[in-house]
2 protein chains.
Amino acid sequence: MKKKDNKKFEISELDKKILTSVLDLKESNLNLISKKIKISKSTVHNRIKRMKVNKLIDGFIPIININFIQDQITAISLIKAKYGPEYAEDVGKRLAKIQGIWAVYFVLGSNDFIVLIRAKNKIELENIVNELTKTEGVERSETIMVIKILKEDFSDAYKFMIND
Amino acid sequence: MKKKDNKKFEISELDKKILTSVLDLKESNLNLISKKIKISKSTVHNRIKRMKVNKLIDGFIPIININFIQDQITAISLIKAKYGPEYAEDVGKRLAKIQGIWAVYFVLGSNDFIVLIRAKNKIELENIVNELTKTEGVERSETIMVIKILKEDFSDAYKFMIND
DNA sequence: TTTGAAAAAAAAGCTGG
DNA sequence: CCAGCTTTTTTTTCAAA
């Protein structure tokens, strides 16, 4: 699956329909999608392939019920960078490399970054926070422990930005 | 796929290996997983099926490259609930129902909740924030705009809590 | 539970319209 | 974009270890 470089890929309305359908079904079965949106299987197939080739779709991941994973720890860190915003992105890149940080958001306001952390246990969380604190360009950080995950739906994260 | 209710399902080391493999490969191709972890295809198949039946795996979602979605808006809200923590979970449940909020974390510290928001545009974000503010039990909230997503890797969110 | 082989199903690839 | 047909790949089943 090579990437086309000459022509910029743009997502179409049909692509969006298919994606929404895949997100709703939670699987990418051609027959089901085809029936659901009343588009021929071949077209659905071609479109999905096109989205994969163009890296709009970069694979599939299982939705894991977090309740089965005992003792998992989630935390959120609010981070202020040392230098002006022009350096901020570099700091963000460094943060993104830390094992255990699965999301890095560059934000407006009194903080520069908000990062989402997931660890197996307290010791690991401590290590992650230590690493974070020592990261070049980090001025101060405040880590907030999550007591309970009331919702964490990655498909919603996608749906809400696609649908009309 | 029925759920077994009598016997509690527990994830095994082999299950973890398979999950990690699926998360790394970004697809659940039996051949590839089988080769990767050197376990027969049928076993991989049986295990994945078992995880689905027991709802440890609740489907598969595509990883969507957010760069192709123009004008998507991400925001994060820090929320303080009106009443003591004993009521907090109800507030959290209400927040979780708001369209556009894809994650709700009940947290320790000066805030009670941190929620993650994704919207198609500013108008929608405004609506979500309005709804959030009006939610029963919400005392105050601070919404932080995300300028840039430097990392958001849902498979990492899982990997870091599974692996040893 | 795990396995390898065999059967069934689904995906992928084509060609025309 | 589609319908139908062929080939290829993947999933599912199953008897045996």
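In what follows, every chain begins at residue 1, and chains take the letters A, B, ... in the order their sequences are listed.
For B/Ser40 and C/dT3, the shortest distance from a side-chain N or O to OP1 or OP2 is below 4.0 Å.
Inspection of the B/Thr133 and B/Arg140 side chains reveals no N or O donor paired with an N or O acceptor under 3.5 Å. When only modelled atom types and interatomic distance are considered, B/Glu10 and B/Ser12 share no side-chain donor-acceptor pair under 3.5 Å.
Counting atom types as modelled, A/Ser42 pairs a side-chain N or O with a base atom of D/dA3 as donor and acceptor under 3.5 Å.
The nucleotide D/dA3 finds its pairing partner in C/dT15, both defining distances of the Watson-Crick or G-U wobble pair being shorter than 3.5 Å.
Counting non-hydrogen atoms under 4.0 angstrom, B/Ser12 reaches nothing in the nucleic acid. B/Lys41 comes within 4.0 angstrom of a nucleotide base, judged by non-hydrogen atoms across all strands. B/Ser34 comes within 4.0 angstrom of no nucleic acid atom, judged by non-hydrogen atoms across all strands.
The distance between atom CD of A/Glu27 and atom P of C/dA9, rounded to the nearest whole Å, is 16 Å. Remark: P of C/dA11 and CD1 of A/Ile48 are 9 Å apart, rounded to the nearest angstrom.
Taking the centre of each ring, A/Phe60 and B/Phe60 stay at or above the 6.0 Å mark.
A/Gln99 places none of its side-chain heavy atoms less than 4.5 Å from the side chain of A/Ile128.
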